[in-house]
Amino acid sequence: MKIATWNVNSVRARLEILLNYLKANPLDVIALQELKVVDEQFPYEPFKELGYNVAVNGQKAYNGVAILSKLPFTEIKRDVIESDREKRTIQAEVSGIKILNVYFPHGGLKGEERFFFKLEFYKMLENYIKRNLLEEDKFVLLGDFNVARAEIDVWDPELLRGTIGFMDEERKAIEGIFELGLIDSLRVFHESEKIFTWWDYRASSFRKNEGMRIDYILVSSALKETLKNAFVDLTPRKLQGTSDHTPVIAELT
DNA sequence: ATGGTAGTGGGACTA
């Protein structure tokens, strides 16, 4: 089973790129973030034509998440965090695996309201997992975490230290989620490579490879033995008019 | 500390 996460930064603006990608790259499950569209206006049809079941939790102009799956969903939950009014979570079960897709807040500068909201969001998600998932559950947490975990996950740790996405407070918060026994799939196969998933549109960041690894696929220990590969696909980031993120993919048996 | 770009929706906001 191939599972991917991709912050598409508007599903409608990226429809052509997304469909072409799925035609060329067979994925079983794909988690999308930043749809920027309400459920009613989500482009369901072209995905259905490619054989996908579609579960959407959308919002106008901002946020919005979806899960596409070739296999049928046996359960769909939206807004799994109680105060999630921003449409940032959707969970679906596919073939006995619970898949939780999360678009974490970007946050703000230290001390600002959005900064505290972001830290609270990490804590709420940690609590949700603690309360709702058992150690033996087959579970995948994936999405745009909006934080780089370690120095290896940013292009210039000295320059970026203390900026949004690489503050000590958010790194500590995300570590609380990793410490629930979840496995950072990319690092199982690429232990010490500098690999990024996001590059700012500005300042030719992608050309200079000035990026950050802020998108993750984490798997529960019950899935550890089934993990066969994980990688970042840079190809779609090279296209004109593409998202500022590129997909992360994990392969399970 | 600022600016650089992009999407939405037709200005300001988020990222």
Side-chain angles (χ1 to χ4, degrees), chain A residues 5-21 31-43 46 56-66 79 81 83-90 101-122 125 142-149 153-167 169-171 173-174 196-216 232 234-248:
Chain A
T5 180
W6 194 359
N7 179 323
V8 288
N9 185 19
S10 169
V11 69
R12 288 178 294 179
R14 237 56 77 186
L15 190 57
E16 196 79 31
I17 284 173
L18 193 43
L19 293 170
N20 287 339
Y21 187 79
L32 304 174
Q33 303 89 33
E34 277 209 87
L35 305 178
K36 298 188 173 185
V37 70
V38 292
D39 293 11
E40 298 72 32
Q41 287 171 36
F42 185 95
V56 177
N57 191 18
Q59 184 181 329
K60 181 180 174 177
Y62 305 108
N63 312 315
V65 286
D79 306 326
I81 295 171
S83 60
D84 183 13
R85 283 164 297 182
E86 295 198 6
K87 303 300 178 189
R88 294 176 176 277
T89 64
I90 187 166
N101 175 17
V102 181
Y103 174 46
F104 289 88
H106 175 262
L109 298 172
K110 251 174 228 191
E112 288 178 353
E113 192 185 339
R114 297 299 286 175
F115 167 80
F116 294 113
F117 173 61
K118 183 180 193 178
L119 294 181
E120 186 192 0
F121 201 94
Y122 290 124
L125 193 88
L142 76 177
D144 177 359
F145 285 53
N146 259 318
V147 61
R149 201 181 168 193
D153 297 314
V154 298
W155 67 279
D156 188 339
E158 302 314 317
L159 182 71
L160 295 173
R161 180 158 289 117
T163 64
I164 295 172
F166 200 54
M167 298 182 192
E169 293 89 340
E170 19 182 63
R171 291 172 65 193
I174 195 186
F196 307 135
T197 65
W198 171 86
W199 300 258
D200 201 309
Y201 282 123
R202 299 164 287 192
S204 307
S205 300
F206 184 66
R207 185 177 53 75
K208 296 184 280 187
N209 197 27
E210 295 178 351
M212 297 171 76
R213 187 172 76 105
I214 58 177
D215 302 88
Y216 301 82
V232 169
L234 296 180
T235 317
R237 188 60 180 81
K238 297 171 182 169
L239 301 171
Q240 285 298 315
T242 197
S243 169
D244 45 355
H245 297 250
T246 210
V248 184

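Here is the naming used below: chain letters follow the sequence lines, and residue numbers restart at 1 for every chain.
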When all nucleic acid strands are considered with a 4.0 Å heavy-atom cut-off, which category describes A/Arg207: base, sugar-phosphate, or nothing? nothing
Spacing between A/Asn63 atom CG and B/dT14 atom P, to the nearest angstrom: 10 Å
Calculate the interatomic distance between A/Lys60 atom NZ and B/dC13 atom P; express it in whole Å. 15 Å
Report yes if some heavy atom in the side chain of A/Val102 is under 4.5 Å from a heavy atom in the side chain of A/Phe121; otherwise report no. yes
Using whole Å, report how far CD of A/Gln240 lies from C1' of B/dG7. 16 Å
Between B/dG7, B/dG9, B/dA15, spot the one nearest the side chain of A/Ser10, thanks. B/dG7
Say you pick atom P in B/dA6 and the same atom in B/dT2; how far apart are they, in whole Å? 22 Å
Any side-chain N or O of A/Arg202 below 4.0 angstrom from OP1/OP2 of B/dT2? no
In whole angstrom, give the distance that lies between atom CZ of A/Phe145 and atom C1' of B/dA15. 18 Å
Roughly how many Å apart are B/dG9 and B/dC13, using the C1' atom of each and rounding to a whole number? 11 Å
Between A/Glu169 and A/Lys110, is there a salt bridge with N-O shorter than 4.0 Å? yes
Between C1' of B/dT8 and CG of A/Leu35, the distance in whole Å: 14 Å
Rounded distance in Å between the C1' positions of B/dA1 and B/dG11: 25 Å
Tell me the interatomic distance from A/Gln33, atom CD, to B/dA6, atom C1', rounded to whole angstroms. 17 Å
Carboxylate-amine/guanidinium proximity below 4.0 Å for A/Glu112 and A/Arg114: no
Rounded to whole Å, OH of A/Tyr62 lies from P of B/dA15 at a distance of 8 Å
Return whichever of A/Asp144 or A/Tyr201 has its heavy-atom-nearest nucleotide of DNA chain B closer to the 5' end. A/Tyr201
If you round to the nearest 0.5 Å, how far is CG of A/Leu35 from CD of A/Gln41? 12.0 Å
Distance in Å, A/Phe206 CZ paired with A/Phe196 CZ, rounded so as to fall on 0.5 Å steps: 11.5 Å
Respond yes when some side-chain nitrogen or oxygen of A/Arg88 is under 4.0 Å from OP1 or OP2 of B/dA15, and no when none is. yes
Using a 4.0 Å heavy-atom cut-off across all strands, classify A/Tyr103 as base, sugar-phosphate, or nothing. sugar-phosphate
DNA chain B: 5'-proximal contact among A/Gly107 and A/Ala203 (nearest heavy atom): A/Ala203
A/Asn7 CG to B/dT14 C1', in whole Å, measures 12 Å
